[in-house]
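Labels below follow one simple rule: chain letters A, B, ... track the order of the sequence lines, proteins then strands, and each chain is numbered from 1.
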2 protein chains.
Amino acid sequence: MKPRLRDDPDASTPGPAGWQAQKSASTRLQIVESALRCVVDLGYSCTTTTVIAEKAGLSRGAMLHHFPSKIDIVRAAVEHLHSKRLKAFRKAIDRLPRDETRVRRALEAYFEHVKHPMYVAFLELWIASRTDPELQAILKPAQEAFEREWYKTAVDLFPEWEGSGANFDIALDLVHYVMDGLAVSLLTHDIGEHERRMVGYLEERLRELASKPAAARP
Amino acid sequence: MKPRLRDDPDASTPGPAGWQAQKSASTRLQIVESALRCVVDLGYSCTTTTVIAEKAGLSRGAMLHHFPSKIDIVRAAVEHLHSKRLKAFRKAIDRLPRDETRVRRALEAYFEHVKHPMYVAFLELWIASRTDPELQAILKPAQEAFEREWYKTAVDLFPEWEGSGANFDIALDLVHYVMDGLAVSLLTHDIGEHERRMVGYLEERLRELASKPAAARP
DNA sequence: CCGGTTTCAATCATCTTTGACTTTTCCCGA
DNA sequence: TCGGGAAAAGTCAAAGATGATTGAAACCGG
């Protein structure tokens, strides 16, 4: 029913060592991605070990061999999610041209980021972590790392803003808050004119903040 | 253990009809508020009938007499929450002076609104409703009603903007998205300088949108 | 004072989720 | 070819949540 591991094209470790054990990392990846799919499709509270195993195409017992407990799956899933978010974001930013369209394109890259199902998973986990200390202990450091990376990326992308004082921080905050608000809206209704117009408006505000005389950073 | 219903000071119906049945509406209110408290304190997924009854000070059986099923409690809780949000919001708006400080004060009123635990409950339910059709069927109409009311309130508060074309809509969207983003941020960390600064920035943008030449409404 | 109705309490059966345990299958090297 | 060990599958009991049922207590009208 399930193809042999050796034939599994999902194997992402091209290393020469073809251990059987090493190959079973593919199974772990399947489990982790199944868990994230469950969070997106069913919500965090319905993400039970049973459905994760079902969607991953294994038995529960097999899964609990790789991850002794549910929290271990969650931990691995969060790390995987964080890594994917970061990689996708950096990739999108790295291919931006260094011309006039940078602002617009960076905004749209970030907008794509929050439209992605990955961000839905993140929001589900984020909300759940409010009342789940164990999850919070896992998610908070990952998110803080992401935001630091985001800040660094922004500085890297707009080096000329670095000296522009508080305007730069305000711009980042503005993008952050508006995008989060958009993400929450997009959870329940499809994208429409309001959302697109807001991205356009954001762009104008960013250009304005970039050109305005620098406000003193407190 | 529980005071007699007749002595219950929570009774909000000052009508002359002192029916026993009428008074038991107080018990229903207790249950509903307990449910909302549970959503805020424990999250929606941990809001079980058992803890609701516990926090309300009744037995589970007694509670299930008033609300035959859990979804009935949720329905009543959503309606109560919606009503409370609306009333609190209108009250905050109605006492705003009609002077220059309107914009700032309206913003702060809305900020207070999203800082309130009530809004945490709403967010929890909103996220949960993404993957819970039954909850969505209850929550979505309530939220749409709230947003319509919000729009009407805004028009009422800033009548001179009504003719200012798309700028008015953009201003409302902007406030909406930024405040939602702030609310998500405030879920997990306390309010700080970033949040306050953003409210200040929002105020500037609203004044700008109000004074700028009207953009054609599409 | 009494009977009926409403409110409250307690118990029960069912279902789901979880983690531990046991068994079977498969891969690799000797 | 065979045996060791990892991977996968299946089984089990404990805990928790839900809804239904039954029994007790309080209140009202007559």
### Query
Rounded to whole angstrom units, what separation is found between the NE2 atom of A:His66 and the C1' atom of C:dG19?
17 Å

### Query
Does a side-chain N or O from B:Thr27 land closer than 4.0 Å to OP1 or OP2 of C:dC8, or not?
yes

### Query
B:Met63 CE to C:dT6 C1': how many Å, rounded?
18 Å

### Query
At what distance, to the nearest 0.5 angstrom, does OG1 of B:Thr27 lie from CE of B:Met63?
12.0 Å

### Message
Could you tell me how far apart A:Leu58 (CG) and C:dT24 (P) are, to the nearest whole angstrom?
### Response
20 Å

### Query
Along nucleotides 14-20 of chain D, 5' to 3', which nucleotides get a B, which get an S, and which get a -, given that the test is a protein heavy-atom distance under 4.0 Å?
---SBB-

### Task
Output all residues satisfying side chain to side chain contact (heavy atoms under 4.5 Å, CB included) with B:Ala92, sequence neighbours left out; order by chain, then residue number.
B:Ala109

### Message
Measure CZ/A:Arg28 against P/D:dA8 and give the value in whole Å, please.
### Response
11 Å

### Message
Do A:Arg197 and A:Tyr201 form a cation-pi contact, if we require the NZ or CZ to be under 6.0 Å from the six-membered ring centre and within 45 degrees of the ring's axis?
### Response
no

### Summary
In short, side-chain hydrogen bond (donor to acceptor under 3.5 Å, both in side chains) pairs touching residues 126-140 of chain A with sequence neighbours left out are A:Arg130-B:Glu124

### Message
Dot-bracket for DNA chain C, please. Rules: Watson-Crick or G-U, both distances under 3.5 Å, ( ) within the strand, [ ] when a pair crosses earlier ones, | for another strand, . otherwise.
### Response
||||||||||||||||||||||||||||||

### Query
So with a 6.0 Å cut-off around NE2 of B:His194, is the heavy-atom count from everything else above 12?
no

### Query
Taking only residues two or more places apart in sequence or in another chain, which ones pass side chain to side chain contact (heavy atoms under 4.5 Å, CB included) with B:Arg148?
B:Glu144, B:Ala145

Report all side-chain donor-acceptor pairs from residues 180-192 of chain A shorter than 3.5 Å, counting only partners two or more places apart or in another chain.
unit_1, atom_1, unit_2, atom_2, d
A:Asp180, OD1, A:Tyr119, OH, 2.4

### Query
Where does the angle between the aromatic ring planes of B:Phe89 and B:Tyr110 fall among parallel (under 30°), tilted (30 to 60°) and perpendicular (over 60°)?
perpendicular

### Query
To the nearest angstrom, how far is A:Ile52 atom CD1 from D:dA8 atom P?
16 Å

### Query
Between C:dA9, C:dT7, D:dA8, which one does the side chain of A:His65 approach most closely?
D:dA8

